[in-house]
Amino acid sequence: MTSLLPVLFDGVVYASWLFLMASGLTLIYGVMRILNIAHGSLYALGAYAAASLAGAWLAGGYAPVGSYAMLFLAALLVGAVMGPLLERGLLKWMYGRDEVVLLLVTYAAFLILEDVIKLIWGVDSLTLSDPYALPGNFDLGGLPYPYYNLLLIAVAVVTGLALTWSLHRTRQGKLLLAVIHDREISAAMGIDVARVYLVTFTIGAMLAALGGALTAPTIAVSPGIGVEVIVLSFAVVVIGGLGSLGGAALGALLVGIVRSATVWYWPEAELFTIYGVMALVLIVRPKGLFAAPEARKI
Amino acid sequence: MRRGLLAGGVAGLVAGALLTAWTAPQWLVFLATLALAKGVVVLGLLLLMRTGLVSFGQGLYFGLGAYAAALLGHWGGLEDAALMLLAGTAAAGATAALLGLLLARYRDIFFAMLSLAFSMILYGLLVKSSALGSTDGFNLHAKTFAGVALAAGAERRVALAAGAVAVLSAALLLHRLLASHWGRMSAAVRDNELRVDYLGASVTQVVYVNYVIAGALAGLGGALAALAVGHVDPDTTYWTTSGEFVFIAVLGGTGSVVAPFLSAGVFEALRTLASQYAPNVWQMSLGLAMLAIIMFLPTGLWSLGQWRRSAP
């Protein structure tokens, strides 16, 4: 089993990327009870914005190192613009409706954004390979791996730690946890729930865009890249338990390693095993691995 | 009065479909068959929605129906349209009977997500199975209908006529079911299943049976769509296909068994027009229409008619 190390490494790299997507999704669900299909569009927007911004930076002849900053800047911009736009402009009018109706609202937003992306960037694909190739490769189990993968893992770990820290150690985070726990009581205690919603959705949007921005150098950014990402991150979030950050991390690792193992040993079964794991987890734990128990209401 | 109206509506739809089948140009026949096929899938969704459940995975049964119909000719050498429709319905119904045992325990978003997972599993299998043409799928061609040989060019017309009769009788049966004790029980499950439980009725049984019916109807729709298109591919089971069905269901509303067919017709007509004149903003117009309906017509297009009737 000489190839065990690369399998694990591939799995962890994939899991890091999944975690960036899933953490935003699960955060939004935990606070707002919205399963956000438009998350995939935010991912695509992040990828496009990153490819354009970093591409312009490199074309301008500035130091290539700055292109990494451009990736993060693109994610922040997309999140800061699209988050409030979607939350204030659309979702705000739908609160109080059924969870499934909200799912459909975000589905509609997803459909709209797909065409918006095509209208802005056209249908040709963008490539931005410099940040990926620039740092060079390192050797792992006899195979060359780009250093860029380490950056991806580092960003995911830092994001996870930062989110956990700010949720449990800061005042704002504790307010947010209170809202997750009971929205009505929190509002009654004087917490500005509307603001918490806005901030949560914006952070979630930034995380989705960050996932896209960091993927942009590794793929050809083309229309439709958000479509598959949505169901994948749904799978991760549902496996971990909706609304649980630790669950999202564990779900991402599980899906990431299962996927890389199947890609290495049984490539035909790639998609099948990912959703097979999701179905299995839901069969054994109907609400995911880390879901909080809920009281039955008559 | 209402019963007469519905029977009239369904009879009108059957007559319209038959008339289209014999006289209309091929493209219209194709469009009508596709609308009918999607309508019957949405009919199943309507039953589920009346029970308080939204499935984001009806593509599973739609695809199963389509592949079962196509495989009958591909492997079994039976290229009979009537048998294909039956095979599609039976294959989907049987799978739903199996998966339903599990899914009947789930509600809300978990029901939606687990059904989505199953449809994506089938998608994953189909995409990677080279024997079934992977992502390209394969063609099918019905040469007979119930043993009677079909003239070239008439296959689609016959498929539409047979589909119309099958699908609309299913709609009438479902209407009877919804008006019966069973239908009220379904509505009760949607409103408050714990109370239904306390009253001594089996919630799981209601959900299970309705799920199987919805699956079988989606299989029928899949087989009919496969006959109309003459081709099957894994996209029939992708989540966007399932999303489209939910969209059509929301567009029509759950007010009547006729609503799915009207909204599927509107949807297909809109899609054809949009792909002709505005291919770049087709999805955007869909999304905007969906938002408008959710905001202003929460019970769907069907409520327009209802509203006018109740006005003095």
Side-chain angles (χ1 to χ4, degrees), chain A residues 29 33-35 37-38 90 93-94 97-105 107-119 122-123 224 227-228 230-232 234-235 237-239 242 266-283 286-288 291 296-298, chain B residues 49 52-54 56 99 102-103 105-130 134 192-195 197-198 234 238-240 243-244 246-247 249-250 278-295 298:
Chain A
Y29 183 84
R33 303 278 137 185
I34 295 174
L35 204 48
I37 295 189
L90 180 64
W93 309 99
M94 305 287 179
R97 306 280 282 270
D98 207 49
E99 267 181 40
V100 175
V101 174
L102 283 162
L103 184 74
L104 288 174
V105 170
Y107 180 53
F110 160 76
L111 289 174
I112 296 171
L113 287 176
E114 283 294 288
D115 273 354
V116 167
I117 289 172
K118 276 185 225 160
L119 288 178
V123 291
V227 181
E228 196 184 337
I230 302 167
V231 275
L232 261 179
F234 273 0
V237 169
V238 171
I239 286 173
L242 285 160
W266 190 24
E268 295 83 20
E270 181 193 340
L271 269 176
F272 168 74
T273 45
I274 292 177
Y275 296 102
V277 167
M278 171 177 172
L280 262 182
V281 169
L282 280 184
I283 288 167
K287 304 211 159 165
R296 295 217 287 183
K297 284 180 188 162
I298 299 175
Chain B
M49 280 173 156
L53 297 165
V54 176
F56 242 80
L99 290 183
L102 183 72
L103 275 160
R105 288 167 34 209
Y106 294 79
R107 298 291 179 273
D108 303 328
I109 216 100
F110 300 96
F111 178 82
M113 286 301 111
L114 193 57
S115 51
L116 176 87
F118 284 126
S119 75
M120 290 303 290
I121 287 177
L122 181 66
Y123 176 78
L125 285 176
L126 290 176
V127 162
K128 297 288 179 177
S129 63
S130 47
S134 309
N192 193 324
E193 65 175 74
L194 207 53
R195 287 186 192 171
D197 227 0
Y198 285 171
Y238 202 56
W239 75 268
T240 47
E244 200 176 283
V246 178
F247 177 87
V250 172
N280 292 326
V281 290
W282 146 243
Q283 286 186 316
M284 188 188 289
S285 14
L286 262 192
L288 290 174
M290 190 148 159
L291 285 181
I293 285 170
I294 291 173
M295 277 204 179

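We name chains A, B, ... by the order of the sequence lines, and we start the count at 1 in each one. Every value quoted in this text rests on a predicted model; they were computed, and no experiment measured them.
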So which part of [X] gets closer than 4.5 Å to some heavy atom of chain B, the side chain, the backbone, both or neither?
X        : result
A/Ile274 : neither
A/Ile283 : both
A/Leu282 : both
A/Ala279 : both
A/Leu113 : neither
A/Val238 : side chain

With respect to chain A, which residue among B/Leu288, B/Val54, B/Leu122, B/Ile294 yields the maximal number of heavy-atom pairs within a distance under 4.5 Å?
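Between B/Leu288, B/Val54, B/Leu122, B/Ile294, the count favours B/Ile294.
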Can you say whether [X] sits under 4.5 Å from chain A via the side chain, the backbone, both, or neither, judging by heavy atoms?
X        : value
B/Leu102 : side chain
B/Leu116 : side chain
B/Val250 : side chain

Side chains of [X] and [Y], heavy atoms from C-beta outward: is any pair under 4.5 Å?
X        : Y        : value
B/Gln283 : A/Lys118 : yes
A/Glu228 : B/Tyr238 : yes
A/Ile112 : B/Leu291 : yes

Which pair of heavy atoms, one from [X] and one from [Y], lies closest together, and at what distance?
X        : Y        : result
B/Met284 : A/Val116 : CE-CG2, 3.6 Å
B/Gly287 : A/Ala108 : O-CB, 3.5 Å
B/Glu244 : A/Tyr107 : N-OH, 3.7 Å
A/Trp93  : B/Met295 : CB-CE, 4.0 Å

Sequence neighbours left out, what passes ring pair (Phe, Tyr, Trp, His ring centres under 6.0 Å) with A/Phe234? Give chain and number order.
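Per chain and number, A/Phe234 pairs via ring pair (Phe, Tyr, Trp, His ring centres under 6.0 Å) with no residue.
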Which of parallel (below 30°), tilted (30 to 60°) and perpendicular (above 60°) describes B/Trp239 and A/Phe110?
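Ring orientation of B/Trp239 relative to A/Phe110: tilted.
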Do side-chain atoms of A/Tyr275 reach the backbone of B/Tyr123 as a donor and acceptor pair under 3.5 angstrom?
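No: the side chain of A/Tyr275 does not pair with the backbone of B/Tyr123.
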Roughly how far apart are A/Leu35 CG and B/Met113 CE, rounded to 0.5 Å?
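Answer rounded to 0.5 Å: 5.0 Å.
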Nearest 0.5 Å, please: how far is CG in B/Leu286 from CD in A/Glu114?
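CG of B/Leu286 is found 12.5 Å from CD of A/Glu114.
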